[in-house]
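Heads up: the structure comes next, in structure tokens.
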Amino acid sequence: MSELKNDRFLRSLLCQPVDRTPVWMMRQAGRYLPEYRATREKAGNFMALCTNPQLACEVTLQPLRRYPIDAAILFSDILTIPDAMGLGLYFETGEGPKFKYPLRSATDIEALDVVDTERQLTYVTDAVSLIRSELNGEVPLIGFSGSPWTLATYMLEGGSSKDFRRSKALLYDQPELAHILLDKLADSVADYLNAQIRAGAQAVQIFDSWGGALSHSAYQVFSLQYMAKVIGLLQRESEGRRVPVIVFTKGGGQWLEMMVETGAECLGLDWTTDIGAARARVGSRVSLQGNMDPSVLYAGPKAIRAEVNRILASYGDGTGHVFNLGHGITPDIAPENAGAFFDAVVELSPKYHVA
């Protein structure tokens, strides 16, 4: 593997000194870029793009050619694990992901096997290896997975949901069965992330997209403890460096102190939590990632720059901040507005890192 030329992202995750705040963007490879749309059209459909390592590599690298980004993130989908479990993932235009065979009974759940990534998801590990090679040490590569709870919601609902009625009914009515499912998913997520680390991922993020839909007590029992289990099973060193873990629970700002206990190096924040207040709560025990509202990117460059400046000032001096959006960039953002976001972080953050 090539020597890493820009490691400020990894250093910030570990609260080590850096020259400026590193920046990347969730969904930075995506539909807001015309070159992405052209590559997806070439692939034929979204799943064909995800399962082709060469094309997945191409779209991973596209934003790095445009912007001063400090990390690449594997282009894939969080639902590859349920698909490998036999649920039949497909996408309908305008409706998002769906499953041909959602979980509908105890028998369905008990029949699930833990995923063997090296055998069942080789297209993902092949993509990771290829991306690492093509990056040639320019920036680190982030691997990722959905959290066990988030994956379970899709598997139980059959796709996206507004109320999670099947998922919540299971955890309240049949908690033992919910734990069987979440245990299998935690083991699968750990296997999946470890395979990505072996293939070359230098940090990993767990996307707990729907943890914020749970009650205070249910979050601890059905989401947080399974993320902690995953982290406890992960390979934490590779190529002589620590492999940092980022946990991102959308809507999880009230649980930051508990999230620290998972063993993650970094907590991702959505835009509903003030990053300065979050820093005061967690201290230097973890780094923080975030947390600009993606909708700010609909505004002009002046407003984008002002909001970047406000968030940097809220966090304050010193390391431990990875700048990001509070959720993924939306498809209809102008690429030049994304550019204004990245440029503002690069230009405005060095003054917060003067020794």
Assess the side chains of W255 and H216: does a donor N or O sit below 3.5 Å from an acceptor N or O? yes
List in chain and number order the residues that pass ring-ring contact (aromatic ring centres under 6.0 Å, His included) with [X], two or more places apart in sequence or in another chain; answer none if no residue qualifies.
X    : value
Y315 : H321
F207 : F144
F248 : none

Taking side chain to side chain contact (heavy atoms under 4.5 Å, CB included) as the test, write out the residues that go with A48, two or more places apart. A43, N45
Sequence-distant partners of P68, side chain to side chain contact (heavy atoms under 4.5 Å, CB included), two or more places apart: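 F342, D343, V346.
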Got a sec, which residues hit side chain to side chain donor-acceptor pair (under 3.5 Å) with [X], two or more places apart in sequence or on another chain?
X    : result
S160 : none
E157 : S167
H353 : T21
D19  : R8

Using the test salt bridge (Lys or Arg N to Asp or Glu O under 4.0 Å), find all partners of D293 that sit at least two apart in sequence or belong to another chain. none
Which residues pass the salt bridge (Lys or Arg N to Asp or Glu O under 4.0 Å) test with R66, sequence neighbours left out? E35
Please verify the inter-ring angle class for F9 with W24; under 30° counts as parallel, over 60° as perpendicular, anything in between as tilted. perpendicular
What distance separates Q289 CD from E265 CD, expressed to the nearest 0.5 Å? 12.5 Å
Mind checking the CG-CG spacing from D70 to L64? Nearest 0.5 Å is all I need. 9.0 Å
Show the numbers, then the answer: is there a side chain to side chain donor-acceptor pair (under 3.5 Å) between Y219 and W149? CA-CA 9 Å; Y219 175 74; W149 163 251; over 6 Å; no
With a cut-off of 3.5 Å and sequence neighbours excluded, list every side-chain donor-acceptor pair involving residues 72-84.
| residue | atom | partner | partner atom | Å |
| --- | --- | --- | --- | --- |
| D77 | OD2 | L79 | N | 2.9 |
| T80 | OG1 | D77 | O | 3.4 |
| T80 | OG1 | Y192 | OH | 2.8 |
| D83 | OD1 | L89 | N | 2.9 |

Show the numbers, then the answer: is there a side chain to side chain donor-acceptor pair (under 3.5 Å) between Q54 and E58? CA-CA 6 Å; Q54 288 73 31; E58 165 61 21; over 6 Å; no
Please step through side chain to side chain donor-acceptor pair (under 3.5 Å) for the pair D274 and S314, ending with a clear verdict. CA-CA 8 Å; D274 180 79; S314 178; 3.1 Å; yes
Around atom CZ of R37, are there more than 12 heavy atoms from other residues, nucleotides or ligands closer than 6.0 Å? yes
